[in-house]
Amino acid sequence: MEGTEAVTNGDGDGDGGDRPWQSYHTVYTTGKAGMEGVDKEKVQRVVYEMSKGSKYFENEERKEAFINQKIDNLRIQYAKLTQADLAHYHKVADRRIVELEASRDLSRIWLHVDMDAFYAAVETLSNPTLQGKPMAVGSMSMISTANYEARKFGVRAAMPGFIARKLCPELIFVPIDFKKYTHYSDLTRKVFRMYDPNFIAGSLDEAYLDITEVCKERNAKSEEIAQELRAGVYEETGLTCSAGVAPNRLLAKVCSDINKPNGQYVLPNDRMAVMTFVSSLPIRKIGGIGKVTEHILKEVFGINTCEQMLEKSSYLYALFSQSTAEFFCSVGLGLGQTGSPQVRFRKSISNERTFSATEDEVLLHKKLVELAEMLATDMQKEGLCGRTLTLKLKTASFEVRTRAVTLQQYISSSVDILKHAKKLLKAELPISVRLIGLRVSHFNGDRCSDPTQKTITNFITTGDANRNCSYFPDVADHDSVSDAETSLSIDSRQTTIQLDWRDPFVGNYLSDVDYQSCVFQKNGVEEVKTSSNDVTSSHQSGFTEAPGSTSFQGQFEGINVNNESKLLEDERNSCSQETTMLWLNDYKCSLCGIELPPSFVPERLEHSDFHLAEKLQKEESRIHLPSVPSRSRSQKDGIARQSKSKRQKLSQKEGKYTPIDYFFAKKES
DNA sequence: GCGGATCAC
DNA sequence: TATGGTGATCCGC
């Protein structure tokens with residue numbers, strides 16, 4: 001392959017020999033709990049055989065070559081260091097190590113809890129026949145968690161299912177079900193709260209607890225508290241967990257892994273104990289040191305254990321940034337965070353989807369529309385507005401690209417997201433991609449919407465932000481729709497039919513932005529998933545627990561409102577959530593059940609317009625809009641008329657699909 | 001501010 | 001047949 005000629009780095013892995021699989025560095029054989037008796041050589045061989053020749057594999061090879069290049073460069077720099085250089089960095093490093101040592105805090109006792117094979121354990125709980133059988137939660141593409149029976153075969157998280165099945169033909173696959181895991185996670189957190197009300201949730205299945213106070217109050221050893229907590233978790237959930245106790249979070253995490261599953265390990269708050277512990281600890285066990293960092297530190301500096309970080313500290317300061325070198329040294333000293341962190345807010349929100357690679361622009365556009373809508377919905381749920389939009393693409397050859405814009409104003413609506421996402425994507429065309437993602441960051445310090453605070457616009461148009469018109473039966477709040485709906489803020493842009501659907505990226509036609517689905521409003525109704533395998537993995541990370549996050553006051557001042565239509569749109573964003581007419585399983589209309597395959601793009605477009613027209617007609621016949629400014633009222637009437645005529649066309653065809661040539665002929669506009 | 005990369009779960 | 005999704009951070013421009 002061009003540019004990837006073997007970069008011999010002398011790590012003894014010899015590429016071309018009779019064991020080619022040894023040079024394929026996967027993450028699957030690094031010692032994880034439950035993998036002790038595994039024949040790593042065999043796993044490595046199977047993974048290699050299954051991957052060899054694939055696009056994914058080729059990309060991994062490119063990445064590996066790139067890292068080896070980097071290693072070679074570092075080695076050259078290393079060799080070039082003069083005595084004077086080294087003397088200098090020796091001083092720098094030593095001084096810093098003394099400072100770090102002085103900052104050591106042995107006053108706190110931290111406990112890290114980690115549920116054992118969490119998803120798999122939950123699934124076994126709800127289906128006991130899985131007990132004792134090798135099982136994995138996930139799909140043929142990706143495994144999230146494997147139970148311990150499966151791990152004996154080398155099956156593990158992040159491994160694609162089809163490889164896992166090769167390793168273990170008996171393997172049972174269970175689809176992922178976040179709702180279930182969230183439920184059990186909540187149960188565990190109830191227990192955690194009793195030991196530290198301010199515990200830090202790392203994810204659904206792990207948490208950090210500062211048990212200093214509990215130990216003091218109850219005059220108990222940390223070991224006893226850990227034991228009791230684990231018993232409590234088991235009692236509450238029927239699930240086992242492991243715990244690690246140490247003077248800081250970094251070490252506590254390492255410790256929880258030591259006697260996994262269903263075990264615990266206590267590292268006492270004693271400097272010597274910590275130093276001894278760290279002296280033989282492989283660096284890969286440290287959170288933040290992954291496959292690549294481990295590789296570099298080993299190949300360039302000969303570092304394998306945390307202790308060696310200190311021995312090589314001068315070189316680390318010479319070749320890495322100060323903050324990186326400092327992190328490495330603190331690891332060598334066994335230091336870690338001991339304070340309870342301040343409340344942290346999320347810094348970005350994103351979504352991405354993988355699909356079979358395509359360069360079909362209509363299809364790509366459709367994906368973009370779906371992502372923009374999902375993202376806008378998520379943002380509105382949290383009242384977020386951001387001004388940086390990032391498009392992520394993964395090409396058919398697994399190369400990842402990101403393209404970003406930072407805007408003058410904050411955005412949150414799907415229309416705005418889509419508008420800018422389209423520009424970013426268009427600049428990359430033509431391209432064959434297998435993944436598209438969107439991310440919004442650079443948030444407005446304030447929440448964009450706060451139902452309790454009336455902005456000018458939602459006051460004018462709705463009178464009451466909590467009473468949105470609802471198309472779907474509102475199961476959550478019966479009071480809200482008892483009388484005539486008070487808002488009918490369907491943006492004209494959302495109803496526009498895109499005429500030249502074969503090139504969705506050429507720009508905007510009748511209006512600002514073309515749009516493929518009609519968007520209705522609802523309030524308090526659980527969203528409908530767009531497809532069966534759609535995992536809205538509402539990652540329960542630390543900040544979701546953050547106290548005070550709900551008390552954040554929304555302010556309108558920060559949002560740049562420049563014209564009337566923007567005003568309308570802000571109103572729509574700030575007072576309600578959106579619901580789209582969805583294609584269930586990407587196939588079936590969520591409103592009438594009619595089936596239309598994804599490839600029928602124009603037909604679908606027409607179909608969603610049909611439903612919009614239907615809705616508008618219904619509402620027109622029974623709603624009188626109070627206190628709506630005349631401008632927006634007339635706009636809405638205009639749309640209604642337009643959509644109604646469309647609906648008549650459709651009804652002439654008795655609601656059947658329109659023949660495809662109709663869409664070609666329709667170009668007259 | 002952007003884009004690539006790494007990392008964790 | 002087939003290698004995920006979300007969020008954070010760091011580095012070098």
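Order of the sequence lines fixes the chain letters, A, B, ..., with proteins taken first and strands second; residue numbering starts at 1 for each chain.
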I want to check one thing: is the phosphate of [N], taken as OP1 and OP2, less than 4.0 Å away from some side-chain N or O of [X]?
{"X": "Thr324(A)", "N": "dT9(C)", "result": "no"}
{"X": "Arg403(A)", "N": "dG4(B)", "result": "yes"}
{"X": "Thr293(A)", "N": "dC7(B)", "result": "yes"}
{"X": "Thr390(A)", "N": "dC2(B)", "result": "no"}
{"X": "Ser348(A)", "N": "dG7(C)", "result": "no"}
{"X": "Ser350(A)", "N": "dT6(C)", "result": "no"}
{"X": "Arg353(A)", "N": "dT6(C)", "result": "yes"}
{"X": "Lys291(A)", "N": "dC7(B)", "result": "no"}
{"X": "Thr406(A)", "N": "dC2(B)", "result": "yes"}

Phe66(A) or Lys253(A), whichever maps to the more 5' nucleotide of DNA chain B: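 Looking at the nearest nucleotide for each, Phe66(A) comes out on the 5' side.
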By side chain to side chain donor-acceptor pair (under 3.5 Å), which residues pair with Asp114(A), not counting sequence neighbours?
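In terms of side chain to side chain donor-acceptor pair (under 3.5 Å), with neighbours along the sequence ignored, Asp114(A) is linked to no residue.
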| field | Separation of atom CD1 in Ile200(A) from atom P in dA8(C), rounded to whole Å | value |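 From Ile200(A) CD1 to dA8(C) P: 15 Å.
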Only residue of Thr388(A), Leu425(A), Leu407(A) satisfying side chain to side chain contact (heavy atoms under 4.5 Å, CB included) with His420(A) is Leu407(A)
Original post:
Quick check: does any side chain N or O of Gln264(A) sit under 3.5 Å from a backbone N or O of Ser242(A), one acting as donor and the other as acceptor?
Top reply: no
So, Arg75(A) and Glu299(A), do they make that salt bridge, N to O below 4.0 Å?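 Between Glu299(A) and Arg75(A) there is a salt bridge, with a charged N closer than 4.0 Å to a carboxylate O.
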